Participant: 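There's a structure below that I have some questions on.
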There are 2 protein chains.
Amino acid sequence: MTLRIEADGRAATGAPAVVRLDPRERILTAAYALFSRRGIRDVGVDELIRESGVAKATFYRHFPSKDDLALAFLERRDHVWTTGYVVAEAMRRADTAEQRLLAVFDVFDEWFQREDFEACSFVNVLLEMGAGHPLGQACVDYLGRIRNQLRRWGDEAGLADTEAFANSWHLLMKGAIILAAEGDRQAASRARTMAGWLLEAHRPRPEAAG
Amino acid sequence: MTLRIEADGRAATGAPAVVRLDPRERILTAAYALFSRRGIRDVGVDELIRESGVAKATFYRHFPSKDDLALAFLERRDHVWTTGYVVAEAMRRADTAEQRLLAVFDVFDEWFQREDFEACSFVNVLLEMGAGHPLGQACVDYLGRIRNQLRRWGDEAGLADTEAFANSWHLLMKGAIILAAEGDRQAASRARTMAGWLLEAHRPRPEAAG
DNA sequence: GCGGGTAGACAGACCTGTCTTTCTTTCCAG
DNA sequence: CTGGAAAGAAAGACAGGTCTGTCTACCCGC
């Protein structure tokens, strides 16, 4: 069923027998690399088919329009980045919900140091296309999913008012990302400090008076 | 020297004798309205000249390229929005530096309720064009000026470590703007709460041990 | 007359999306 | 196992639109 494949989905030059991904996968792989770094509008269909080594007719067979591909990219971003990187790393690094919430900023810190740091695609595309565009709306949805995860962790940690908590926590995450996009390498640790205060404020008071 | 003019720089239909701004000003006025709401790429030169009621040759006489106009727009945004609205309103509403810092979030709260809320043009354009593009670099510069203002207020309030303070404060501002762009009307008050903790943390301890 | 404005044609590049033609792979009947 | 149909992919021309930027032609006020 599964197939061992090259990371970029293409055969290396001179290596004729390397397994080649199916076209749809190659298109998505190229789209992920290009869209996540340069946004949607700046990447044309011609560049996408060149990078994925696919014919134009094949491209349009799998994705009726460029926007359809962009939607598929956002879905993959949610799967690869949100779920597969940030959440997975936070869960790997900590055992309790509270520690996992804080670990998000440790993951961010590692992420911000990468020279190919590309900021948050959901925020990028939302601002690029506007909240009225279907792609912008999809970004709002995926950002909402992130807040849902934060809220679940907040509930699990027994925090108070986790709806507001998740929004404020997300504010810190996004603020840190923008600050990092401007070049501040300590953005994550600044956010983590403030996150600690937020956590404290939402901890239920033990001597809760009936 | 100065001239009383219509806000949009154009004569109303059927009012022939209304003062008409000079072409450069009309172009800039139209550019401000369009660029601040829709970004740079989404607005074409044809739309700009149509909205400003100017001939194409006139446009290119005053601005050799669209990017030159975009740079002039960012400069005006700094003047009109940063200096003329956020900073001016904060100073009008409060007398002390500390209160002025907090008042920024009151101004934001008012701003976020406007239905034509357009988020921060410097962040929008930075993410749209990338930090490598001259326009993106200009945005980084203007955002840096905002942090300089925050730092000056921090110094004036006698806070400790105002460099880090300004960065963290700016993180809260930008996080609030993105959260508001997603539709959270309470984004400003959430940020203000956290800003209060940040202020407390940077207040020099009165019993400083020698 | 001349500098600056208006109006709009035009060039050349690029964009998305369609279509044609040729080649390869797969799969099923016999 | 083989022949052949059918599906999918490669390569690229092409259409129709949009974009930035140039250029011509005319007009008006100083």
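Keep in mind the model is a prediction, meaning the values are calculated, not measured.
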Participant: Could you check how far CG of A:Leu48 sits from P of D:dA10, rounded to whole Å?
Facilitator: 15 Å

Participant: Side chains of A:Asp109 and A:Gln186: does their closest heavy-atom pair fall under 4.5 Å?
Facilitator: no

Participant: Mapping A:Asp46 and A:Ala57 to their closest nucleotides on DNA chain C, which lands nearer the 5' end?
Facilitator: A:Asp46

Participant: Kindly say if A:His62 contacts the phosphate of D:dG8, meaning a side-chain N or O under 4.0 Å from OP1 or OP2.
Facilitator: no

Participant: Is the side chain of A:Arg100 donor-acceptor paired with the backbone N or O of A:Ala94 at a distance under 3.5 Å, no angle test?
Facilitator: yes

Participant: What's the CZ-C1' distance between A:Phe59 and D:dG8, to the nearest Å?
Facilitator: 17 Å

Participant: Rounding to a whole Å, what distance do you find between A:Asp22:CG and D:dA9:C1'?
Facilitator: 12 Å

Participant: Let me know, please, whether A:Thr58 or A:Ile49 comes out on the 5' side of the other along DNA chain D by nearest nucleotide.
Facilitator: A:Thr58

Participant: Would you mind reading off the distance between B:Arg24 atom CZ and C:dG5 atom C1', rounded to a whole angstrom?
Facilitator: 16 Å

Participant: Round to the nearest Å and state the distance from B:Arg50 atom CZ to C:dT6 atom P.
Facilitator: 16 Å

Participant: Between D:dA9, C:dA7, C:dG5, which nucleotide has the shortest distance from any of its atoms to the side chain of B:Ala55?
Facilitator: C:dA7

Participant: For the pair made of CG in B:Asp42 and P in D:dT18, what is the distance, rounded to whole Å?
Facilitator: 13 Å

Participant: Would the base of C:dG17 count as contacting A:Lys66 through its side chain, where contact means a donor and an acceptor less than 3.5 Å apart?
Facilitator: no

Participant: When the ring planes of B:Trp169 and B:Phe105 are compared, do they come out parallel, tilted or perpendicular, using 30° and 60° as the limits?
Facilitator: tilted

Participant: With respect to the phosphate group of D:dA10, does any side-chain polar atom (N or O) of A:Arg26 fall under 4.0 Å of OP1 or OP2?
Facilitator: yes

Participant: Without decimals, in angstroms, what is the distance between A:Lys56 NZ and C:dC19 P?
Facilitator: 13 Å

Participant: What integer distance in Å separates A:Tyr60:OH from D:dA11:P?
Facilitator: 18 Å

Participant: Under the ring-ring contact (aromatic ring centres under 6.0 Å, His included) rule, collect the residues that match up with A:Phe108, sequence neighbours excluded.
Facilitator: A:Trp111, A:Phe112

Participant: Which heavy atom of A:Ile177 sits nearest a heavy atom of A:Cys120, and at what distance?
Facilitator: CG2-N, 3.7 Å

